2 protein chains.
Amino acid sequence: MVIEKDWVVVLKALAHPTRLRIVAELLQGTKCVTSMQDLLPASQANISQHLGILRNARVVDFTQDGAQRCYYVCRPELVGGLLELLRDNPAPPA
Amino acid sequence: MVIEKDWVVVLKALAHPTRLRIVAELLQGTKCVTSMQDLLPASQANISQHLGILRNARVVDFTQDGAQRCYYVCRPELVGGLLELLRDNPAPPA
DNA sequence: GAAATATATTCGAATATGCTTATATCAAGG
DNA sequence: CCTTGATATAAGCATATTCGAATATATTTC
């Protein structure tokens, strides 16, 4: 199996509680930064930093709408699939 | 969507080139630490540390065979599924 | 064009990760 | 029990992440 270094970038991007919540929210539908501030216990600057990391990993992208940036998951099958796998495969007993 | 903190532990465990290679190798079949040393450009101590992290995340487990520990992926559907999703969902163009 | 709103970037301190070297544990054979 | 082979753990250092505070940029409105 060939392992692309991109994969590590994606996994690292998702391996953070706030970022995982961000993508879970974005899977439900496009959101701008301000509306994410209402959903998450994090500051504007911090959310923006996390979005930058997700953007670099090519996990999210945005469309500009006036002064707002409407973020969305640009690989929904990947991200949705990952979350589904995690949900359906809990840690084994002891 | 409820996000378990376990998920972040799993993602963090996999978000490292060496550890990702380790699980990819283990998906092909059980291996002991010594034989992994032949496959990976990492020291014994380092491989053992990575295996400890994967163990904590409940991604791998082992059976003791004499002095050897035979490691295997204890959630093959999860790990195999993740690798498959990554392979099938490359980064979108620009 | 000044003010207000939305978002991004920079910087620094705290904390976490990763790796090396050295040492410990532990099982098997003699 | 002493050695050897297999694996784990600990200590220490270098580097990377994280997050808050402050500041910058861009867009709309008046």
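Per chain, numbering begins at 1; letters A, B, ... match sequence-line order. Nothing here was measured: the structure is a model prediction, and the numbers come from that model.
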Report task. Write down the distance between CG (B/Leu11) and P (C/dT17), rounded to a whole number of angstrom. Result -> 14 Å

Report summary line: Looking only at heavy atoms, the pair that brings B/Arg75 and A/Pro90 closest together is NH1-C, 3.1 Å

Requested in this report: First locate atom CD1 of B/Ile47, then atom CE of B/Met36, and finally report the distance between them rounded to the nearest 0.5 Å.
Outcome: 7.0 Å

Query - Euclidean distance, A/Ile3 CD1 relative to B/Leu20 CG, rounded to 0.5 Å - result: 4.0 Å

Report summary line: Which of C/dC19, D/dA6, C/dT7 is nearest the side chain of A/Val33? It is C/dT7

Report task. Measure the distance from CD1 on B/Ile22 to P on D/dT7 and round it to the nearest whole Å. Result -> 13 Å

Report summary line: Taking every heavy atom of A/Leu54 against every heavy atom of A/Arg19, the minimum-distance pair comes out as CG-CD, 4.0 Å

Requested in this report: Ignoring backbone atoms, establish whether B/Lys12 has a side-chain N or O less than 4.0 Å from OP1 or OP2 of C/dA16.
Outcome: no

Requested in this report: Mind checking the CG-OH spacing from B/Leu27 to B/Tyr72? Nearest 0.5 Å is all I need.
Outcome: 13.5 Å

Requested in this report: State whether the side chain of A/Arg55 and the backbone N or O of A/Phe62 hold a donor-acceptor pair below 3.5 Å, judged by distance alone.
Outcome: no

Query - Short side-chain N/O contact from A/His16 to OP1 or OP2 of C/dT17, under 4.0 Å - result: no

Report summary line: In numerical order, the residues of residues 42-72 of chain A whose heavy atoms come under 4.0 Å of DNA chain D are A/Ser43, A/Ala45, A/Asn46, A/Gln49, A/His50, A/Gly66, A/Ala67

Query - Atom-pair distance (CG on B/Asp38; P on D/dG5), nearest Å - result: 15 Å

Query raised in the report: Rounded to whole angstroms, how far apart are CD on B/Gln37 and C1' on C/dC19?
Result: 15 Å

